[in-house]
Structures are given as structure tokens and as C-alpha cells.
Amino acid sequence: MSHTPAIGIHDLSLATTEFVLPHATLAAHNGTDVGKYHVGIGQRSMSVAAADEDIVTLAATAAAPIIARHGSDRIRTVVFATESSIDQAKSAGVYVHSLLGLPSASRVVELKQACYGATAGLQFAIGLVRRDPTQRVLVIASDVSKYELDSPGEATQGAAAVALLVSADPALVTIEDPSGVFTADVMDFWRPNYRDAALVDGHESITAYLQAVEGCWKDYTEQGGRELEDFAAFCYHQPFTKMAYKAHRHLLNYTGHATDEDQARKGLEQTTAYNNVIGNSYTASVYLALASLLENADDLTGRAIAFLSYGSGSVAELFAGTVTPGYRDHLRTDAHQHAVKRRTELDYAAYRELHQRSLPTDGSDHPIPEQTGGPFRLAALRGHKRIYEAR
Ligand code: CAA
């Protein structure tokens, strides 16, 4: 019988936007007690895309360091996960493929199921690598989260991309079987094709997320998964960081464990560093939690981590990963912290103006102002085509 190698995340690189809006600024504008944001939802600030940034520029920025470190020879598949798609037909991944100069002998596809898409991408990638362990798959999660101005959702916006290189003998985390999966047809959050901003039933979405946590755990257990006690940490999808605590407390309660503050914090607090200051990055969020955990926790070598990926609508998956010996030598902590710290703070008026911008739909020639200091930009819209530039 052939030996099945360990397969999982070999490298992880994140990118975020040029601008940031502190929640204190939003609170000063709308008269909300800032404690509601800082404590109530657990958010300090949110990333705001520049006029010339979008899911493609963020994705290319996240993935470029992975290609620089590992080359692209063994990458035959690129999976682009997003729920803020820019085209109904063409995969945003094809633009990234071009910007990064990836080999033409590759397949590229875009996946969608709200914030769950990247996890579907990761699982598909594992299947491909299992079939041919010499191949690697680039999975990119990239999203710009946008709700209506002056709506309750406004405080839970954000934007980021995470690129994952999936391979055999991964340097960071081996992804285990089984998974616990859950699907329910609910209208908690959605974005019809004709809208820029998402529609959401906020409180219904929290309930739907908690139901999905239960459903996933039930299936995970039935599939022969680990005991809750085995896990050193829990990476949850974090639309706002307080949601991870709500979800974890729910899981502890559902599995008959103590739900006090200490228990809820254990294995969670080191997962929230990026999401707390970046905001909701939809599909990227659970993998930002992983980056935060690996970079901030004491040595996790050999330890099991639980992942809970939730996408409204809704589909969710719970699975485990084990941390590879020597993982710390492969982290990108300095670059990631720089990406967060280099953002320029916006005042409320500048944020509002960016939020209200929309691209013309008449096919005219439309140059886009140069705002981003990042390596890739959306330079223009011309004849209904997006024109990207690498610097
Ligand atoms: N100091 C401290 N805490 C305060 C406070 C203050 N001054 N004022 C209020 N709070 C607390 C509240 O008690 C509440 O805490 P609990 O949830 O623990 O009870 C918290 O702050 C939020 O207050 P509200 O519920 O009154 O806030 P809201 O009605 O404005 O809505 C929200 C909050 C529902 C998250 C809203 O921002 C929203 O709709 N966001 C978008 C949807 C979303 O993120 N849903 C998450 C699950 S769905 C998902 O995960 C997929 C996805 O990415 C979208």
C-alpha cells in the first residue's frame, strides 16, 4: 500500500489595505459609546481599501511573498475564495495568476460560499495534493467587507487577503481527517448581484453561526474526531472578535464543559490579534486567526488546533490541524505586523468618501487615483475591463 504523506499548510502570508479607520473615530461620528465597539464586539479598528485596491490587489500582495520564497514550478492549481467577487464569469484568480507570472500550465478557479469559501478551497487543495503529492496548490482568500453606512453592520467591516500554500510535508500545520460539516438554508447574510454592500440580519446571523457550531461538532464527533480537551487552541471565523468567544462558549456549553471567563479565553485570546485591528475579512478571517495564533502563542509544536469556518447562508466546517516541529522558522511575523502598522489612519470624512465611491458601469475610460503604496494597484477601468499594474 502506498504511504499517504501529511498534507496541509506549508506557508501562510497575509496582506491588508492602505487605510485604517479606528472604531473610536466611528464612535465619535455616530455617538456610540466606544465601549460597545472595543468591548461589546471586540474591535479596535478596521482596514479600508484605497480607491485602487480590491480583492485582486490584496490577493496578489498576499501571494507574492509565497512565490518569492518557494517559486511556482510545483503550483498547478490556484483557488481564489471570495464573497466580494468583481466579475460574474472570470475568476479573480486569473488576474492574480497574471500579476504573479504563474505558469500557463495551471488551473485557476474562484470559489464562493460566503466566509466559508477558503476552507472549501483548502479541502479541495488537500484532495489534489493527495492525488499527486509532488504538486502544490495556492489557495487565496481575499475579501473587502462592506455594509451600508450608518447601519449596525458598519462597525464590522474590514478587508484582507491570506494566501496559503498547500503541500505534502507542510512546514506549518498538517490538516487532519475527519471534518465535521454542516449546511442550513438560512437568510442571515447575503449580497444580491446588483448590490455592493451586504444585507444582513445581524442577530439572526449570530444565532445561525451558533447553530452551525453545534451541527459541526455533532458531525465531527460522529465521524470519530478528537475530544475537545485535545485542542490547544481554537481558530474561529471572526466577523468581530467577540463572536469567537460567543461561539466557543456555546461549544463548551454544548459539550458539557465549564463556560467561565478563564475557560472561554483559554486557546482563544492569541487568535484575535489580527482580526481585532483588521475587522471582518470574510473568507480570510479564520486564517488570520491561525496567523495570529502561530505568531503569538508559546510553542505549539505537535499540538492540535481546532478550526471552525462559518459562511453565512450557511455552510460550516470544523476540523483539526497539528502544528509541525520547527514551524516558527517559517512564520512571517515581521512582514505581517508591518502590513498592519503601515496603514494610514483615515478621518471619518475620508472614510465616508471612499465608502461611497463606485466604479462607472458605462464602459468609459476611467483612470483610478493612485492611493495605495502596495506592490499592485487597480490602475483603470477601460471598456468594462479592470486594468491592473504591478510596481
Ligand atoms: N460597552 C460594552 N458593551 C456594550 C456596550 C457598551 N457601552 N453597548 C453595547 N454593548 C454590547 C452589547 O451588550 C452586545 O454584547 P452581547 O452580544 O454580548 O450581548 C454587543 O455590545 C453588541 O451590541 P448590539 O447587539 O446591541 O449591537 P448591534 O445591534 O449594533 O449589532 C452586530 C451587532 C449584530 C454584530 C452588527 O454589527 C452586525 O449586524 N454585523 C454584521 C453581521 C455579523 O457580523 N454577524 C456575525 C455572524 S455571521 C458571520 O459570521 C458571517 C459574516 O462574516 C458576516
Side-chain angles (χ1 to χ4, degrees), residues 21 23-24 26-44 46-47 81-84 112-120 141-160 162 182-184 186-191 195 197-216 235-251 253 259 261 264-265 268 271-272 274-276 278-289 307-318:
L21 183 77
H23 278 79
L26 182 63
H29 162 76
N30 63 20
T32 298
D33 178 341
V34 76
K36 173 172 170 179
Y37 296 149
H38 289 174
V39 182
I41 61 169
Q43 288 303 128
R44 307 295 300 192
M46 54 198 186
S47 284
T82 187
E83 70 178 89
S84 37
K112 173 179 68 186
Q113 177 29 61
C115 307
Y116 167 73
T119 297
S142 184
D143 268 307
V144 175
S145 159
K146 204 168 170 187
Y147 293 94
E148 297 280 5
L149 290 168
D150 306 317
S151 73
E154 184 179 18
T156 61
Q157 300 174 114
V162 171
F182 178 81
T183 292
V186 284
M187 292 305 280
D188 59 330
F189 166 105
W190 68 108
R191 184 170 69 86
R195 284 182 60 96
L199 293 165
V200 65
D201 182 341
H203 293 279
E204 164 69 19
S205 72
I206 294 172
T207 307
Y209 186 140
L210 298 180
Q211 274 170 356
V213 170
E214 270 182 39
C216 283
C235 293
Y236 286 91
H237 166 57
Q238 296 173 15
F240 48 94
T241 64
K242 187 79 174 290
M243 188 67 225
Y245 287 87
K246 284 182 190 289
H248 195 49
R249 207 173 264 121
H250 194 80
L251 182 60
N253 187 36
T259 58
E261 232 6 73
R265 198 171 305 135
L268 264 200
T271 69
T272 60
Y274 289 125
N275 286 294
N276 176 255
I278 285 176
N280 197 355
S281 57
Y282 292 159
T283 51
S285 159
V286 64
Y287 300 102
L288 285 183
F307 294 82
L308 189 292
S309 179
Y310 174 75
S312 288
S314 70
V315 177
E317 180 161 344
L318 190 150

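Quantities reported herein were computed from a predicted structural model and do not represent experimental measurements. Remember, it's 1-based here, ligands and their atoms both numbered in the order they're listed.
Regarding atom 6 (C) of ligand 1, its nearest protein heavy-atom neighbour is Lys36 N, 3.4 Å. Nearest protein heavy-atom neighbour of atom 44 (O) of ligand 1: Pro239 CB, 3.4 Å. With respect to atom 1 (N) of ligand 1, the closest heavy atom belonging to the protein is Gly35 C, 3.3 Å. Annotation: atom 41 (C) of ligand 1 to nearest protein heavy atom, Thr156 OG1, 3.3 Å. Summary of contacts: the protein heavy atom closest to atom 33 (C) of ligand 1 is Ile41 CG2, 4.6 Å. Nearest non-hydrogen protein atom to atom 35 (C) of ligand 1 is Phe240 CE2, 3.4 Å. From the protein, the heavy atom lying nearest to atom 38 (C) of ligand 1 is Gly153 CA, 3.8 Å. Counting protein heavy atoms only, atom 16 (P) of ligand 1 is closest to Lys246 NZ, 3.3 Å.
The distance criterion of under 3.5 Å between nitrogen or oxygen atoms is not met by Tyr147 with respect to ligand 1. Among the atoms of His203, some N or O lies under 3.5 angstrom from an N or O of ligand 1. An N or O contact shorter than 3.5 Å is missing between Tyr209 and ligand 1 by distance.
At least one side-chain heavy atom of Val286 sits under 4.5 Å from a side-chain heavy atom of Thr119. A 4.5 Å side-chain heavy-atom check between Tyr116 and Thr183 finds every atom pair outside the cut-off. The shortest side-chain heavy-atom distance between Thr207 and Leu210 does not fall under the 4.5 Å cut-off. The side-chain heavy atoms of His248 and Tyr236, taken from C-beta on, include a pair separated by under 4.5 Å. In this structure, Gln238 and Thr272 have side chains that are in contact, with non-hydrogen atoms separated by less than 4.5 Å. For the pair Val213 and Leu308, the minimum side-chain heavy-atom distance is below 4.5 Å. Within the 4.5 Å cutoff, the side chain of Tyr37 has heavy atoms near those of the Leu26 side chain. At a threshold of 4.5 Å between non-hydrogen side-chain atoms, the residues Arg191 and Glu83 do not count as touching.
Per-residue contacts place Cys115 under 4.0 angstrom from the following atoms of ligand 1 (heavy atoms of the residue considered): 51 (C), 52 (C), 53 (O). Ligand-side atoms of ligand 1 in range of Asp33: 7 (N), range being under 4.0 angstrom from any heavy atom. Within the listing of ligand 1, atoms 48 (S), 49 (C), 51 (C) sit less than 4.0 angstrom from a heavy atom of Ser312. For ligand 1, the atoms sitting less than 4.0 Å from at least one non-hydrogen atom of Lys242 are 18 (O), numbered in the order shown with element in parentheses. Near Tyr310, the atoms of ligand 1 lying under 4.0 angstrom from a non-hydrogen atom of the residue are 48 (S), 49 (C), 50 (O). Close contacts of ligand 1 with Val200, meaning ligand atoms under 4.0 Å from a residue heavy atom, involve 42 (C).
Rounded to the nearest 0.5 angstrom, Glu204 CD and Asp188 CG are separated by 6.0 Å. Thr283 contributes atom OG1, which lies 9.5 Å from atom CG of Leu288 (distance to the nearest 0.5 angstrom). Within the model, atoms NE2 of His38 and CD of Gln43 stand 9.5 Å from one another, a figure rounded to the nearest 0.5 Å.
By the criterion of a heavy-atom distance under 4.0 Å, both the backbone and the side chain of Pro152 are placed next to ligand 1.
For Ala155, the closest heavy-atom approach to ligand 1 does not fall below 4.0 Å. Using 4.0 Å as the threshold, Glu154 has no heavy atom nearer than that to any atom of ligand 1.
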Arg195/Glu148 under salt bridge (Lys or Arg N to Asp or Glu O under 4.0 Å): CA gap, chis, key distance, verdict
CA-CA 10 Å; Arg195 284 182 60 96; Glu148 297 280 5; 2.7 Å; yes
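Between atom 45 (N) of ligand 1 and the options Ala114, Gly42, Ser205, Gly40, the minimum heavy-atom separation is to Ser205.
Checking atom 9 (C) of ligand 1 against the protein gives a heavy-atom contact under 4.0 Å. For atom 49 (C) of ligand 1, the nearest protein heavy atom lies under 4.0 Å away. Distance remark: protein heavy atom present below 4.0 angstrom from atom 4 (C) of ligand 1. Protein heavy atoms are absent from the 4.0 Å sphere centred on atom 13 (O) of ligand 1.
Residue Asn280 comes nearest to His237 through the heavy atom pair OD1-CE1, 3.7 Å, listed as atom of the first residue, atom of the second, then distance.
Residues Glu154 and Lys146 are not paired through a salt bridge, judged by the lack of any N-O separation under 4.0 Å between the basic side chain and the carboxylate.
Taking the six-membered ring for Trp and the full ring otherwise, the centers of Tyr282 and Phe189 sit less than 6.0 Å from each other.
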